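Step one of this worksheet: look at the structure below.
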There are 2 protein chains.
Amino acid sequence: MADIGARLAGIVEDVLTGAGAAEEYGHDEALSTTLVRPAHVVRPRTAEEVAAVLRLASAEGVPVTARGSGSGLSGAAIPSPDGIVVSFERMNAILEVDTDNHVAVVQPGVTLRELDDRTAEAGLVYPVYPGELSASLGGNVATNAGGMRAVKYGVTRHHVLGLQAVLPTGEILRTGGRYVKASTGYDLTQLIVGSEGTLALVTEATLKLQPRIKHTATVLAPFRDLAQVTAAVPKVVASGLAPLILEYIDGLTMGAITYTADLQLGIPDEVRDSAQAYLVVMLENRDQDRLDADVETAGQLLSDLGAIDVYVLPGGSARKLIEARERAFHTAKAAGADDVIDTVVPRAALPGFMAQVTGIAQANETFIVGCGHAGDGNVHLALFQKDADKRATVLKALFAAAMALGGAISGEHGLGRTKQRYFLDLEDPAKIALMRRIKQAFDPAGVLNPGVLLDAAQQDAGRQDFAQQDQDGAQA
Amino acid sequence: MADIGARLAGIVEDVLTGAGAAEEYGHDEALSTTLVRPAHVVRPRTAEEVAAVLRLASAEGVPVTARGSGSGLSGAAIPSPDGIVVSFERMNAILEVDTDNHVAVVQPGVTLRELDDRTAEAGLVYPVYPGELSASLGGNVATNAGGMRAVKYGVTRHHVLGLQAVLPTGEILRTGGRYVKASTGYDLTQLIVGSEGTLALVTEATLKLQPRIKHTATVLAPFRDLAQVTAAVPKVVASGLAPLILEYIDGLTMGAITYTADLQLGIPDEVRDSAQAYLVVMLENRDQDRLDADVETAGQLLSDLGAIDVYVLPGGSARKLIEARERAFHTAKAAGADDVIDTVVPRAALPGFMAQVTGIAQANETFIVGCGHAGDGNVHLALFQKDADKRATVLKALFAAAMALGGAISGEHGLGRTKQRYFLDLEDPAKIALMRRIKQAFDPAGVLNPGVLLDAAQQDAGRQDFAQQDQDGAQA
């Protein structure tokens, strides 16, 4: 463990050690975690530098945590106290927007906003839209970020065609490429996407782009209850209207976000009073006339499906509503929420799940509000419960309920440090054991983000073995 | 190795041993392989039976090869001579077409045709279309089958939401579920898809369905050369017309398939004589008027992009042309082709690749014809070369050329037994080593399809260790 700081400084120009490793590298946006200041922060400029840092870390058994913009919500960017943060803020170049193959090649520190600006110039779009445009693509790849447009375009993994990734043992790999089809060995790209910095560090991503569709329109439909909204969703999808966004907002959340954003949606009080659930449908088309016709069709369909009324929102308020919906997390945070989760269930199971949420909230004296991506069963719940033990009881019950309905703990934020223990508790032990063996196959020393996604214990043992072997090797 | 046959008969009702394990279980549709009769064939009815067979195989170190319809093209369904074939022909139920969540849950033996018939009743479609409708979903999942509609809908892996899969050690896992979004641990679903029966046996798949779009139209555009076709492709995609199929057919292949299928496409001789490359564009729309307008737009666009002429094919001939294109493999086979490959390159690299193909063919006195999925850079080449050594030289040169252009050996057929050695030869050794460790994490005894995708050697060693341990365990 000699002088890691000095050795890091021999690899990367830009190293912060001790007090220099400022607070900003010790947290993300998760609500229930505490700040952990890392021992070292490195800001590499090349994959080769990342490889050298990882070789050092593996040899010395020092934990390594990758960091993009720090906008994650599960604590996956929170380092170990004795660890190294690899911050990708200096690797933030858009290397290429390839208009022949319709891909972008980016370094991990590029933000969604930067990519969107560049692809817009080419008439293309990276359609994944997790909402927080300051988020980095590296972070999006690590968490398999989702967002509102998943109902039409899928999530991050569906748009990652290839990676350059560095193994903790220092090998720099290239996986996939500028093509959609491949049946050539195990799909390492898809395995690394969503692995939350525990298998390899991504130093470059090749992303699939879509034609940028110019015209959008937003329809807001208040319904009497969630069951009606849920029943409407498959019909809207089956209609072939191909909605870009299909978002459910409950009455309470709608009240909060319209109030916070000072949004005037023109909904009469009597409608608002009887509406417990809103469906937001955003449509897009390359042709304005077709879009207008689609809005008409959607309005008629929603009325037929029981909407109290249907409002076509003017561009400005539609954008504001979607932005406010995106900011629901911040609204919850400002209101003093103690945790925010992003459970996913089959979308038809949404009303059943929400009924159970109400029961769990009441039984545990916890206040829970939520809104969700109705098109894909991904529910965001804000929990208000100061007592950590009670909160843990509630979380476990919520996750267990979702899993019993065929769902999963996290739809888009990742397990990170905040949901990892519930995952280890509730998931099939045979699957956990297999994931540990996969982790071992990538990271024999167990240095990549220990305590995130899986437990750190076994990896600590691994780290010692590896360090020991390394020492033995050096002595031999 | 006592009496494996008798022990299998104690697990599965339907066991064929020795001469009963007929020839049909010893091959697939690959051209360059030889028949290998397995020692045993089991036809299980449940995942539990599959698990018991795999536990026995792991304990005794007996190789196991899964089999769907046997329509694969890379020999991945060819068993080891001392091995067990697990044929999924009795596990062929469509368990559910869920119209609320838009998924189908199928057993591995279900064919694409059976699934299409059932989803059609619900107004839905499983849009992956590898062409061979007698293929099983299990086989499609194992090879990550692609096909002509990948340009719009992606490939098999983009539509597999969840699996029930049996590990070689006998654990029955459930991965994923009826949702698109998940960030809950490593994506085992995506790792098993495309793993060609070497990691786990799939006993159930949850597949994403799309709304079935009624109206289709096909436009055929002859071009002077492939470079023009390739240049046209990104423009057609960027137009937002969202083509369902974007297929390139070279002049020779077009001649062969129109002759074989007795197709009258109404193309005048003078056009045919100057057309070296054809682009087939299939469009779909839920609305006939919009489709007609799109056909108009596409025709104009293709003319602007240099098409000699543009033909809107009547439904019957369009279907026949697409069917004939699908049957190109059989056309090549009937013509005496010695091998067929399915290399993928970035689609913009297609003319460069095809130029190299010509060079490699000439340098090695080999006749090569091809057609490809122009929308996604996936090229099907038929090789005519009786000499196995020369053929190997040609194959290696073709794969190396594709990889140097940023492509991969197989776009949709898989590596199987026929391309595995080129993969091991040409691919980055660090990636191969990582894949071997992943294989080991799933299959410590190395019994699943040894010699397919990876080499069998190391796995044979693993099998002995495992059998030894097992024996030690039994003695202790």
Side-chain angles (χ1 to χ4, degrees), chain A residues 99-102 123 143-144 146 150 154-155 158 171 173 177-188 190-191 194-195 211 213 234 237-240 286 290 344-348 376-378 406-415 423 427-428 430-431 434-435 437-438 440-442 453, chain B residues 99-102 123 143-144 146 150 154-155 158 171 173 177-188 190-191 194-195 211 213 234 237-240 286 290 344-348 376-378 406-415 423 427-428 430-431 434-435 437-438 440-442 453:
Chain A
T99 54
D100 289 331
N101 293 305
H102 289 177
T143 54
N144 185 26
V155 299
H158 302 113
E171 295 96 331
L173 305 183
R178 299 182 189 197
Y179 44 79
V180 172
K181 288 171 156 183
S183 258
T184 307
Y186 305 142
D187 197 326
L188 301 175
Q190 293 300 321
L191 186 52
S195 65
I213 296 177
V237 174
S239 69
R286 62 192 162 85
R290 288 188 184 187
V344 65
V345 293
R347 69 183 180 211
D376 47 42
N378 186 203
I409 291 175
S410 170
E412 52 187 6
H413 297 166
L415 297 168
F423 174 64
E427 188 51 273
D428 174 5
K431 270 164 77 175
L434 178 58
M435 290 188 196
R437 295 196 297 274
I438 292 170
Q440 183 75 20
F442 278 80
L453 199 151
Chain B
T99 54
D100 289 330
N101 293 305
H102 288 176
T143 54
N144 185 28
V155 298
H158 301 113
E171 296 97 329
L173 305 183
R178 299 181 191 198
Y179 44 79
V180 173
K181 288 171 154 181
S183 259
T184 307
Y186 305 142
D187 197 324
L188 301 175
Q190 292 300 322
L191 186 53
S195 65
I213 296 176
V237 175
S239 70
R286 63 191 161 87
R290 288 188 184 187
V344 65
V345 293
R347 68 183 181 211
D376 47 41
N378 187 201
I409 292 174
S410 171
E412 53 187 5
H413 296 166
L415 298 168
F423 175 64
E427 188 50 272
D428 174 6
K431 271 165 77 175
L434 177 59
M435 289 186 195
R437 295 195 298 273
I438 293 169
Q440 182 76 19
F442 277 80
L453 198 151

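Every chain is numbered from 1 and lettered A, B, ... according to where its sequence line falls, protein lines coming before strand lines. Note that the coordinates shown come from a computational prediction; the quantities given were computed from them, not determined experimentally.
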Q: Mind listing the closest non-hydrogen atom pair of B/Pro346 and B/Gly407 along with its distance?
A: CD-N, 4.0 Å
Q) With respect to chain A, which residue among B/Glu427, B/Arg178, B/Met435 yields the maximal number of heavy-atom pairs within a distance under 4.5 Å? A) B/Met435
Q: Measure distances from A/Arg286 to the heavy atoms of chain B and classify the residue's part below 4.5 Å as side chain, backbone, both or neither.
A: side chain
Q: Locate the shortest heavy-atom distance separating A/Val344 from B/Lys181; write the atom from each residue and the value.
A: CG1-O, 3.5 Å
Q: Would you mind checking which part of A/Leu188 comes under 4.5 Å of any heavy atom in chain B, side chain (CB onward), backbone (N, CA, C, O), both or neither?
A: side chain
Q) For A/Glu412, is it the side chain, the backbone, both, or neither that has a heavy atom closer than 4.5 Å to a heavy atom of chain B? A) both
Q) Using non-hydrogen atoms only, which part of B/Leu453 is less than 4.5 Å away from chain A: side chain, backbone, both, or neither? A) side chain
Q: Grab the two heavy atoms, one from B/Ala238 and one from A/Pro211, that are nearest each other, plus how far apart they are.
A: O-CB, 3.7 Å
(Q) Can you tell me which portion of B/Glu171 sits under 4.5 Å from chain A's heavy atoms? Options are side chain, backbone, both or neither. (A) side chain
Q: With a 4.5 Å cut-off on heavy-atom pairs, point out which of A/Ala150, A/Gly240, A/Ser239, A/Gly377 contacts chain B the most.
A: A/Gly240
Q: For chain B, find which of A/Gly411, A/Ala430, A/Ala408 contributes the most heavy-atom pairs closer than 4.5 angstrom.
A: A/Gly411
Q | Top of A/Asn101, A/Asn144, A/Val155, A/Leu415 for chain B proximity - count of heavy-atom pairs under 4.5 angstrom | A | A/Asn101
Q: Using atom types as modelled and distance alone, determine if a side-chain donor or acceptor of A/Thr184 lies under 3.5 Å from a backbone N or O of B/Ser410.
A: yes
Q. Can you say whether A/Phe423 sits under 4.5 Å from chain B via the side chain, the backbone, both, or neither, judging by heavy atoms?
A. side chain
Q) Taking the side chain as C-beta and beyond, is there a heavy-atom pair between A/Ser183 and B/His413 under 4.5 Å? A) no
Q) If you count heavy-atom pairs under 4.5 Å between each of A/His102, A/Lys431, A/Gln190, A/Arg290 and chain B, which one has the most? A) A/Arg290
Q: Might you point out which heavy atoms bring A/Tyr179 and B/Gly406 nearest each other, and give the distance in Å?
A: CE2-O, 3.1 Å
Q) If you count heavy-atom pairs under 4.5 Å between each of A/Val180, A/Leu191, A/Leu173 and chain B, which one has the most? A) A/Leu173
Q | Contact origin within A/Ile438 toward chain B - heavy atom pairs under 4.5 Å | A | both
Q: Tell me, out of A/Gly123, A/Gly154, A/Gly185, who's got the most heavy-atom pairs with chain B below 4.5 Å.
A: A/Gly185
Q: Please look at A/Asp428 and chain B and tell me whether the side chain, the backbone, both or neither of the residue comes under 4.5 angstrom of a heavy atom of that chain.
A: side chain
